Amino acid sequence: MERRSWAEPYRVKVVEPLKMTTRAEREQAIAEAGYNTFLLRSDDVYIDLLTDSGTAAMSDRQWAALMVGDEAYAGSRSYYRLEETVRAVYGYEELVPTHQGRGAEHLLSQILISPGDVVPGNMYFTTTRFHQEYAGGQFTDVIIDEAHEPDSLHPFKGNIDLDKLAAVIDAHGAERIPYVSFETNVNMAGGQPASMANIRAVHQLCQRHGIPVMLDATRALENAWFIQQREEGFADWSIAAILREICDHSEGATVSSKKDNLVNIGGFLALRDPELARRARALLVAFEGLQTYGGMAGRDMEALATGIEEMVATDDHVGARVGQVEYLGDLLLKAGVPIVRPVGGHGVFLDARRICAHLPQEHFPAQALAAAIYVDSGVRGMERGIVSAGRDPETGDHKRPRLELVRLTLPRRVYTQAHLDVTAESIASVAAEAERIGGLELVYEPPELRFFQARFQPLAA
Ligand code: F0G
């Protein structure tokens, strides 16, 4: 059949000029940033693929919605609109608005986890695991083994391994497991989805033991896309219906609205149980804000409600979003650059372990590769390897994740195909001469979530 290209279901109305820098300027900027791309000034970045979080371009309707935000301290009309929208799209009755995803994770962990509890989850996300441990819980990974293999072509590498989960329940007892933390389109695994069959099976197993399933539904939309494309029986379902079916197999969800929901700030905890929601709201007023705004301005809630509507209004939106990520992934594969496969939903993940095979993991190959790419072209990616994994609280040693990756995350509706061509050309040329990349050593390391603020210097040759 003749191949037809897809294209974006929108056009550009406003542009933001970018600064072009020289290689010498970038060498200086990365040294000043302690070889940590989080510490670069965005003015020194050309194509910013650090994150897809809070970096989306809002639509004209979202910008217009800002003007009608109701900034009442209590009972804001914008809150009620958001509540209705979350009920309609995600299907949870109880909305607890927060300033962003980690605010929701904080509340959920505090109301459900007691010291000594065990929280099974599919791989981990940095802030999610932080809040589980901060509440006294112990995170335990129950993702399928294929998720740790960059080359495994398993279509649903985000799946929970039911045997691993059953073994955790056997070992600790259901009463020590406050909930199963189920992330959709697993970020740290490379943006990899869970199948509907797995989501249903996990929920059934948990129901038998009286354990709630709490989704991290931050990228559930992208997960829904992969189910529609890859899972038998879903080709005719709308994205909206699949998203709803995912949520129907859980008791609640935390959402960072800075991703799927197409806004620059915001998030929420959504629940079915009114009693649980009452306990979350009691903490909400101390840590975030009143129950009808949480951590958001009225205008933020308006833009968010519109963003949630837009993300499911047509299947073309998510198709173009994931299509763009696949486009970049295909360019890199054609250039022979090792990446995590299948290409995920929100970004392309470079396999730094293979690209920088000459560097041992304690010389921070992914951190060094991210810095080298920035110096080459001003493209900013992020380390997702040993630095992000942090230290073992018991032994104080680095945790050594099998995946040592550089993440190139695509903001939604922001960059053009030509930006992606430039990105792929730069990475292909850096990877072709990767043996020139030297290792790094830590010079400053904060105790928590170290990857955000750690500083490095080149190892003496
Ligand atoms: N859950 C997942 C799966 C995430 O990817 C993030 C954030 C959060 C929760 C926390 O949400 O940032 O709104 O507080 N991920 C960003 C990223 C930071 O770059 O991947 P937040």
Side-chain angles (χ1 to χ4, degrees), residues 36-38 40 42 45 48-56 96-109 119 121-134 139 141 143 147 157-158 181-194 214-223 246 250 252-270 287-288 294-296 300 303-304 307-308 325 340 344-349 366 370 380-385 387-389 403 405-412 414 448-453:
N36 185 347
T37 53
F38 275 104
L40 288 167
S42 75
V45 173
D48 201 350
L49 308 184
L50 184 74
T51 178
D52 63 331
S53 182
T55 51
V96 182
T98 59
H99 73 287
Q100 57 183 77
R102 67 198 73 180
E105 293 166 357
H106 178 213
L107 301 178
L108 182 71
S109 302
V119 188
N122 47 344
M123 204 164 261
Y124 73 99
F125 185 70
T126 52
T127 58
T128 319
R129 189 182 67 190
F130 171 85
H131 279 296
Q132 291 164 359
E133 291 173 349
Y134 188 67
F139 165 81
D141 187 11
I143 203 165
K157 287 165 98 172
S181 180
F182 200 159
E183 186 184 333
T184 50
N185 237 47
V186 181
N187 187 352
M188 300 296 277
Q192 303 292 330
M214 293 296 173
L215 296 180
D216 181 336
T218 295
R219 296 185 184 83
L221 180 78
E222 290 163 12
N223 200 126
I246 292 172
S250 70
T254 54
V255 173
S256 166
S257 295
K258 303 169 73 172
K259 285 83 167 174
D260 280 353
N261 295 168
L262 299 166
V263 285
N264 304 121
I265 193 72
F268 56 88
L269 169 64
F287 287 102
E288 300 277 323
M296 289 180 278
D300 295 336
L304 172 52
I308 292 173
V325 177
V340 174
H346 66 309
V348 177
F349 290 67
R380 169 157 75 169
M382 170 194 300
E383 194 263 9
R384 290 277 90 151
V387 181
S388 297
L403 296 180
L405 309 174
V406 172
R407 186 181 80 169
L408 304 161
T409 344
L410 294 200
R412 296 166 182 80
V414 171
E448 308 292 356
L449 299 173
R450 64 179 180 174
F451 55 93
F452 284 129
Q453 290 156 339

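Just follow the structure's listing: the first ligand is 1, and inside any ligand the first atom is 1. All figures in this text were calculated on a predicted structure; none of them were measured in a lab.
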Proximal ligand 1 atoms for [X], defined as those under 4.0 Å from one of its heavy atoms:
X    : value
E183 : 3 (C)
T51  : 17 (C), 19 (O)
S53  : 16 (C)
Q100 : 12 (O), 13 (O), 14 (O), 21 (P)
T218 : 1 (N)

(request) Verify whether one side chain among S181 and Q132 offers a donor that lies under 3.5 Å from an acceptor in the other. (result)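 There is such a pair (donor and acceptor under 3.5 Å, judged by atom type) between the side chains of S181 and Q132.
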(request) Consider only side-chain N and O atoms of N187 and H346, and report whether a donor and an acceptor are under 3.5 Å apart. (result)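 Yes, because at least one side-chain N or O of N187 sits under 3.5 Å from a partner of the opposite role on H346.
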Looking only at protein heavy atoms, identify the closest one to [atom] and say how far it is in Å.
atom                    : answer
atom 1 (N) of ligand 1  : D216 OD2, 2.6 Å
atom 10 (C) of ligand 1 : T127 OG1, 3.5 Å
atom 15 (N) of ligand 1 : K259 NZ, 2.9 Å
atom 8 (C) of ligand 1  : F125 CE2, 3.5 Å
atom 11 (O) of ligand 1 : S256 CB, 3.2 Å
atom 9 (C) of ligand 1  : E105 OE2, 2.9 Å
atom 12 (O) of ligand 1 : R102 NH2, 2.9 Å

(message) With a heavy-atom distance limit of 4.0 Å, tell me whether H106 approaches ligand 1 through its side chain, its backbone, both, or neither.
(response)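 H106 to ligand 1: no contact under 4.0 Å from either part.
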(request) Answer side chain, backbone, both or neither: which part of K258 comes under 4.0 Å from ligand 1, heavy atoms only. (result) side chain
(request) Show your reasoning for whether salt bridge (Lys or Arg N to Asp or Glu O under 4.0 Å) applies to D52 and K259. (result) CA-CA 6 Å; D52 63 331; K259 285 83 167 174; 5.7 Å; no
(message) Let me confirm one number: the CD-CG distance from E383 to N36, rounded to the nearest 0.5 Å.
(response) 8.5 Å
(request) Have a look at T254 and tell me which of H106, M214, E105 forms a side chain to side chain contact (heavy atoms under 4.5 Å, CB included) with it. (result) E105
(request) May I ask you to decide if the ring planes of F452 and F38 are parallel, tilted or perpendicular, using 30° and 60° as cut-offs? (result) perpendicular
(request) Specify whether Y134 and F130 have parallel, tilted or perpendicular ring planes, treating 30° as the upper limit for parallel and 60° as the lower limit for perpendicular. (result) parallel
(message) Checking the N or O distance criterion of under 3.5 Å, is ligand 1 in contact with R219?
(response)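 The answer is yes, given that R219 and ligand 1 share an N or O pair closer than 3.5 Å.
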(message) Below 3.5 Å, N or O to N or O, backbone or side chain included: is there any such pair between R384 and ligand 1?
(response) no
(message) Taking the cut-offs as 6.0 angstrom to the six-membered ring centre and 45 degrees off its axis, would you call R384 and F451 a cation-pi pair?
(response)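 Pair R384/F451 counts as cation-pi.
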(request) Please report the C-alpha distance between L262 and R412 in whole Å, then the side-chain angles of each, then the deciding distance to 0.1 Å, and finally whether the side-chain contact (heavy atoms from CB on, under 4.5 Å) criterion is met. (result) CA-CA 7 Å; L262 299 166; R412 296 166 182 80; 3.8 Å; yes
(request) Report yes or no: does T98 contribute a side-chain atom to a donor-acceptor pair with the main-chain N or O of G294 at less than 3.5 Å? (result)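 No; zero donor-acceptor contacts below 3.5 Å.
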